[in-house]
Amino acid sequence: MARLRIDLTLTAGEESVWSISTGEVETDDAEALMEKLLSMALPEKERMAERAAMCGGRWTVCFAGCVHSGEMPAVYLGRRFISFCAEIHAAILYDIRIAAGYTDD
């Protein structure tokens with residue numbers, strides 16, 4: 001199992017201006033997390049573009065987590081998710097750490 005979360009963050013310069021997160025969950029498949037993020041972000045899509053334009057910021061979608069050695073989670077980026085990221089001009093970042101001694105403790 002992996003501990004994963006997806007964060008959607010608007011940054012202006014070095015400062016985080018606005019963000020939402022799926023929270024960290026135990027999963028081997030990031031698809032459910034992408035759907036959770038979309039359900040939170042889609043109603044805000046129009047305002048997200050306005051926020052970015054007002055502060056000269058940029059959006060980043062970050063897949064973050066920790067996995068067992070050799071047990072990488074499946075990350076399939078579906079059309080709906082890619083379209084959303086393209087519409088808000090978001091970069092996609094993966095920050096997945098592989099821990100040989102990972103435990104649930």
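The chain is numbered in sequence order, starting from 1.
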Please find the pair of heavy atoms, one from [X] and one from [Y], that lie closest to each other, and give the distance.
{"X": "T11", "Y": "S16", "answer": "CG2-CA, 4.1 Å"}
{"X": "A12", "Y": "C55", "answer": "CB-O, 3.8 Å"}
{"X": "C62", "Y": "D95", "answer": "SG-CB, 4.2 Å"}
{"X": "I96", "Y": "F63", "answer": "CD1-O, 3.8 Å"}
{"X": "L33", "Y": "G23", "answer": "CD2-O, 4.4 Å"}
{"X": "M40", "Y": "P43", "answer": "O-CD, 3.7 Å"}

> Taking a hydrophobic cluster as the set of Ile, Leu, Val, Met, Phe, Trp and Tyr residues connected by side-chain heavy atoms closer than 4.5 Å, whether directly or through intermediates, do L4 and L77 fall within one such cluster?
Replying inline: yes
> Does one hydrophobic cluster hold both V61 and L93, with members joined at side-chain heavy-atom distances below 4.5 Å?
Replying inline: no
> More than 12 foreign heavy atoms under 6.0 Å from CZ of R51: is that the case here?
Replying inline: yes
>> Apply side-chain contact (heavy atoms from CB on, under 4.5 Å) to residues R80 and L38 and explain how you reach the verdict.
In response: CA-CA 9 Å; R80 186 169 170 233; L38 286 174; 4.0 Å; yes
Which distance, rounded to the nearest 0.5 Å, do you find between the [atom1] of [X] and the [atom2] of [Y]?
{"X": "I20", "Y": "L10", "atom1": "CD1", "atom2": "CG", "value": "11.5 Å"}
{"X": "L42", "Y": "M48", "atom1": "CG", "atom2": "CE", "value": "8.5 Å"}
{"X": "E44", "Y": "I88", "atom1": "CD", "atom2": "CD1", "value": "11.5 Å"}
{"X": "T22", "Y": "D7", "atom1": "OG1", "atom2": "CG", "value": "6.5 Å"}
{"X": "I82", "Y": "E87", "atom1": "CD1", "atom2": "CD", "value": "12.5 Å"}
{"X": "T9", "Y": "W59", "atom1": "OG1", "atom2": "CH2", "value": "8.0 Å"}

> Does the S39 side chain pair with the main chain of K36, one donor and one acceptor, at a distance under 3.5 Å?
Replying inline: yes
